[in-house]
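This report refers to the structure that appears directly beneath it.
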Amino acid sequence: MTEPSTERDPESVSRFVEHFAAQLVEAGMPRMPSRVFAALLASDTGALTSAELGEQLRISPAAVSGAVRYLAQVHMVSREREPGSRRERYRVHSDQWYEALTNREAIIKRWEDALRDGVAGLGPDTPAGRRLAETLAFFEFIEQDIAEMMERWRAYREERFGS
């Protein structure tokens, strides 16, 4: 199954993909997963095969495979089989990627635990202990804020775009 025929300038699509991927790289995401993710996001169906990704981005099947593996591990894309085929398609869902970017509760909890241990080990009254305590307070603060923000986003999204 290929992309629906649309009147779009391939060069404009390519510019968007590379520009958005560069922004993701700047934020810390590896380069190839950033490019693959941006290509999926820019596709009308939100899903492409490995061959389609390789052709569009001019990258090897191994590069696609590594990028998709990374994106699947961080829950930014999913794999699905084409009906009646052995080919896999990789899909970005409208809510999946920003949920993945903001839902870091397990990671933040581990950081908080490590910081608590650090404060206890270094002493809460030492300069390092105070710095760790402030960092811990920051993560506790943003953890609560992210959860509230995502609830507001879901309500806003429903109102603006429907289900």
Side-chain angles (χ1 to χ4, degrees), residues 12-50 52-53 56-57 59 62-81 88-163:
S12 294
V13 173
S14 181
R15 273 194 308 276
F16 164 76
V17 167
E18 297 305 327
H19 178 72
F20 190 64
Q23 301 309 307
L24 295 171
V25 169
E26 186 74 23
M29 186 185 286
R31 182 174 178 270
M32 204 56 66
S34 296
R35 293 183 70 215
V36 167
F37 179 74
L40 289 169
L41 195 61
S43 71
D44 286 335
T45 61
L48 297 168
T49 65
S50 179
E52 290 167 333
L53 285 164
Q56 179 181 339
L57 299 173
I59 58 177
V64 172
S65 177
V68 168
R69 187 176 326 109
Y70 173 88
L71 292 167
Q73 287 173 344
V74 296
H75 309 290
M76 291 179 71
V77 302
S78 61
R79 298 170 194 251
E80 54 189 45
R81 286 253 188 244
E88 283 189 329
R89 295 178 68 73
Y90 307 105
R91 176 174 300 281
V92 61
H93 297 281
S94 61
D95 62 344
Q96 185 176 19
W97 74 275
Y98 43 78
E99 292 280 352
L101 290 173
T102 57
N103 191 6
R104 297 287 190 232
E105 187 174 341
I107 294 169
I108 291 174
K109 289 285 188 203
R110 288 195 303 264
W111 291 349
E112 289 172 354
D113 291 344
L115 287 164
R116 275 188 202 89
D117 291 347
V119 170
L122 297 173
D125 296 324
T126 67
R130 283 191 297 276
R131 188 169 45 254
L132 294 181
E134 182 177 339
T135 304
L136 172 61
F138 170 75
F139 283 120
E140 290 169 338
F141 176 81
I142 65 166
E143 180 181 22
Q144 177 183 356
D145 229 31
I146 287 172
E148 292 170 1
M149 179 182 64
M150 289 308 295
E151 284 305 314
R152 289 192 318 269
W153 162 248
R154 287 181 197 101
Y156 174 79
R157 179 176 176 245
E158 175 69 27
E159 179 182 304
R160 183 158 181 196
F161 299 102
S163 50

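Quantities reported herein were computed from a predicted structural model and do not represent experimental measurements.
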Residues in side-chain hydrogen bond (donor to acceptor under 3.5 Å, both in side chains) with [X], at least two apart?
{"X": "Glu151", "result": "Arg154"}
{"X": "Arg81", "result": "none"}
{"X": "Gln23", "result": "none"}
{"X": "Ser78", "result": "His93"}

How close do [X] and [Y] get, heavy atom to heavy atom, and via which atoms?
{"X": "Ala133", "Y": "Val119", "value": "N-CG2, 3.5 Å"}
{"X": "Ala21", "Y": "Ala38", "value": "N-CB, 4.2 Å"}
{"X": "Leu122", "Y": "Ala128", "value": "CD1-CB, 3.9 Å"}
{"X": "Pro33", "Y": "Pro30", "value": "CD-O, 3.5 Å"}
{"X": "Val92", "Y": "Met76", "value": "CG2-O, 3.7 Å"}

Exercise. To the nearest 0.5 Å, tell me how far Ile108 CD1 sits from Asp113 CG.
Key: 12.0 Å

Exercise. Would you give the length of the straight line joining atom CZ of Arg79 to atom OG of Ser50, rounded to the nearest 0.5 angstrom?
Key: 9.5 Å

Quiz item: What pairs with Trp153 under ring-ring contact (aromatic ring centres under 6.0 Å, His included), at least two apart in sequence or on another chain?
Solution: Tyr98, Tyr156

Exercise. Check ring-ring contact (aromatic ring centres under 6.0 Å, His included) between Phe141 and all other residues, then give those that pass, not counting sequence neighbours.
Key: none

Is any side-chain heavy atom of [Y] closer than 4.5 Å to one of [X]?
{"X": "Leu40", "Y": "Tyr90", "result": "yes"}
{"X": "Val77", "Y": "Arg91", "result": "no"}
{"X": "Leu53", "Y": "Ile59", "result": "no"}

Practice problem: Could you pull out all residues at least two apart from Phe16 that satisfy side-chain contact (heavy atoms from CB on, under 4.5 Å)? | Solution: Phe20, Ala42

Exercise. Please list, chain by chain and in numerical order, all residues satisfying salt bridge (Lys or Arg N to Asp or Glu O under 4.0 Å) with Glu26, sequence neighbours excluded.
Key: none

Quiz item: Residues two or more places apart in sequence or in another chain: which of them pass salt bridge (Lys or Arg N to Asp or Glu O under 4.0 Å) with Asp117?
Solution: none

Quiz item: Counting only heavy atoms not in Glu134, do more than 12 fall under 6.0 Å of its CD?
Solution: no

Quiz item: Taking everything shown except Glu148 itself, do over 12 heavy atoms lie less than 6.0 Å from its CD?
Solution: yes

Exercise. Go through the steps to decide whether Glu140 and Gln144 satisfy the test side-chain hydrogen bond (donor to acceptor under 3.5 Å, both in side chains), and finish with yes or no.
Key: CA-CA 6 Å; Glu140 290 169 338; Gln144 177 183 356; over 6 Å; no

Self-check item: Residue pairs involving residues 120-131 (criterion salt bridge (charged side-chain N to carboxylate O under 4.0 Å, His left out); sequence neighbours excluded)
Solution: none

Practice problem: Just grab all the side chain to side chain donor-acceptor pair (under 3.5 Å) pairs involving residues 63-72, residues at least two apart or on different chains. | Solution: Ser65-Arg69

Quiz item: Got a sec, which pairs hit side chain to side chain donor-acceptor pair (under 3.5 Å) with one end in residues 31-40, sequence neighbours left out?
Solution: Glu18-Arg35

Quiz item: Quick one: do the Glu52 and Gln56 side chains pair a donor with an acceptor below 3.5 Å?
Solution: no

